[in-house]
Amino acid sequence: MFLDNNLMAMPTVALQQVTNPFARRNAKGTLEKPIHLKYIQRFLVDVEIRQALELVCEKGTVYIWGAKLERLSQSFKMFPRQCLFLFRQGGQINRVGVLSESIVSLELAEKLWGMDGDGETWGLIFFFREMIELSIPASEINSILGFRENNHWQGLIAKSSPEADEVIKYIKGERARQLGRMTLGNRD
């Protein structure tokens with residue numbers, strides 16, 4: 001299973017709102033469909049990062065997300081194969097992915113997404129081997145984390161265990177339930 005095989009011990013969950021027009025456009029280009037590693041290889045100056053991505057991304061493609069550098073402090077809680085990203089639009093979480101690697105590269109960010117309305121690019125870059133589509137009310141995750149039900153997750157937020165463990169357990173259960181419903185629907 002995706003989460004069991006990819007998420008190691010001592011997990012973190014990263015919460016990311018994908019609502020403003022710039023974020024939605026970025027998601028269409030790099031979260032909803034993967035990018036071939038060959039197109040970004042020249043920006044991966046760290047040989048270890050490049051080799052790690054080539055190793056985990058067997059198909060030669062990678063999903064990518066970015067955040068403003070002001071969120072760098074949150075990234076220190078996010079370790080490869082130990083961080084599950086939850087992406088939400090409005091009140092629904094619609095994608096999750098286990099972090100494969102991360103880098104800081106303003107040059108790659110500008111190439112992928114350009115500049116936002118503030119004249120900044122999202123130079124804190126996260127790579128994912130795969131993205132899983134789900135439909136989960138964000139209010140459920142907010143409840144598990146002790147947030148208000150209508151909390152909108154401003155910016156990128158990282159939460160560690162024990163809260164992260166509970167969120168991951170819930171996501172695994174929901175994914176199994178939703179896959180079961182899809183399988184049953186295909187048999188009818």
J.: Do other residues, nucleotides or ligands put more than 12 heavy atoms under 6.0 Å from the CD atom of E120?
T.: yes

J.: Have a look at P11 and tell me which of D165, V98, L84 forms a side chain to side chain contact (heavy atoms under 4.5 Å, CB included) with it.
T.: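 Exactly one option meets the side chain to side chain contact (heavy atoms under 4.5 Å, CB included) with P11, and it is D165.
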
J.: Would you check if L106 and L69 make a side-chain contact, meaning some heavy-atom pair closer than 4.5 Å?
T.: yes

J.: When you look at N26 and D116, which way does the side chain to side chain contact (heavy atoms under 4.5 Å, CB included) test go after all the steps?
T.: CA-CA 10 Å; N26 293 351; D116 67 12; over 6 Å; no

J.: Between I168 and F147, is there a shared hydrophobic cluster once you connect ILVMFWY residues whose side-chain heavy atoms come closer than 4.5 Å?
T.: yes

J.: Looking only at non-hydrogen atoms, find the nearest pair between E32 and Y63 and report the distance.
T.: C-CE2, 4.2 Å

J.: Taking all non-hydrogen atoms of both residues, which atom of W153 and which atom of L86 are closest, and how far apart?
T.: CZ3-O, 3.8 Å

J.: Between L156 and W65, does a side chain to side chain contact (heavy atoms under 4.5 Å, CB included) hold up when you go through it step by step?
T.: CA-CA 11 Å; L156 177 66; W65 186 249; 5.7 Å; no

J.: If every non-hydrogen atom of S105 is compared with every non-hydrogen atom of L108, which pair is closest and at what distance?
T.: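 Nearest pair, atom of S105 first, then L108: OG-N, 3.1 Å.
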
J.: Taking the side chain as C-beta and beyond, is there a heavy-atom pair between Q16 and R71 under 4.5 Å?
T.: no

J.: Work out which heavy atom in F22 is nearest to a heavy atom in G114; give both atom names and the distance.
T.: CZ-O, 3.9 Å

J.: Using side-chain heavy atoms (C-beta onward) and a distance below 4.5 Å, is T19 in contact with H152?
T.: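 With C-beta onward as the side chain, the pair stays apart.
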
J.: Can a salt bridge be assigned to the pair E133 and R175 using a cut-off of 4.0 Å between side-chain N and carboxylate O?
T.: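 Salt bridge flag = no for R175 with E133.
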
J.: Decide yes or no on side chain to side chain contact (heavy atoms under 4.5 Å, CB included) for I141 and I93, but give the supporting numbers first.
T.: CA-CA 9 Å; I141 301 305; I93 295 164; 3.2 Å; yes

J.: Given the rule that I, L, V, M, F, W and Y join up when any side-chain heavy atoms are under 4.5 Å apart, are V13 and L134 in one cluster?
T.: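 Result: yes, single cluster for both.
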
J.: Distance-only, no hydrogens or angles: does the R95 side chain make a donor-acceptor pair with backbone N or O of M131 under 3.5 Å?
T.: no

J.: Inspect the surroundings of CD in E58 and state if more than 12 heavy atoms from other residues, nucleotides or ligands are less than 6.0 Å away.
T.: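 Result for CD/E58: enclosed.
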
J.: Are F76 and V104 connected in the hydrophobic side-chain network, where two residues link if heavy atoms are under 4.5 Å apart?
T.: yes

J.: Spell out, as yes or no, whether a donor-acceptor pair under 3.5 Å connects the side chain of R88 to the backbone of G90.
T.: yes

J.: Is there side-chain contact between L112 and T121, with heavy atoms separated by less than 4.5 Å?
T.: no

J.: Closer than 3.5 angstrom, by distance alone: can the side chain of N142 be matched with the main-chain N or O of N151 as a donor-acceptor pair?
T.: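 Here the side-chain-to-backbone pair exists.
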
J.: If we ignore hydrogens and angles and just use 3.5 Å, is the side chain of T12 paired with the main-chain N or O of K77 as donor and acceptor?
T.: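 Present.
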
J.: Might you point out which heavy atoms bring S100 and L53 nearest each other, and give the distance in Å?
T.: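 Nearest heavy atoms, S100 then L53: CB-CD2, 4.3 Å.
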
J.: Taking all non-hydrogen atoms of both residues into account, name the closest pair between Y39 and I35 and its distance.
T.: CB-CG2, 4.5 Å

J.: Under 4.5 Å between any side-chain heavy atoms of F126 and M78, yes or no?
T.: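 Yes. Closest side-chain heavy atoms under 4.5 Å.
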
J.: List the steps, then state whether salt bridge (charged side-chain N to carboxylate O under 4.0 Å, His left out) holds for E101 with R81.
T.: CA-CA 8 Å; E101 294 293 338; R81 291 161 300 287; 3.7 Å; yes

J.: Can a donor-acceptor pair be found, under 3.5 Å and without considering hydrogens, that links the side chain of Q178 to the backbone of S135?
T.: yes

J.: When hydrophobic residues are tied together by side-chain contacts of less than 4.5 Å, even through go-betweens, does I125 share a cluster with V45?
T.: no

J.: So, the side chain of R25 versus the backbone of W113: is there a donor-acceptor pair under 3.5 Å, distance only?
T.: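 Between the backbone of W113 and the side chain of R25 there is a qualifying donor-acceptor contact (under 3.5 Å).
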
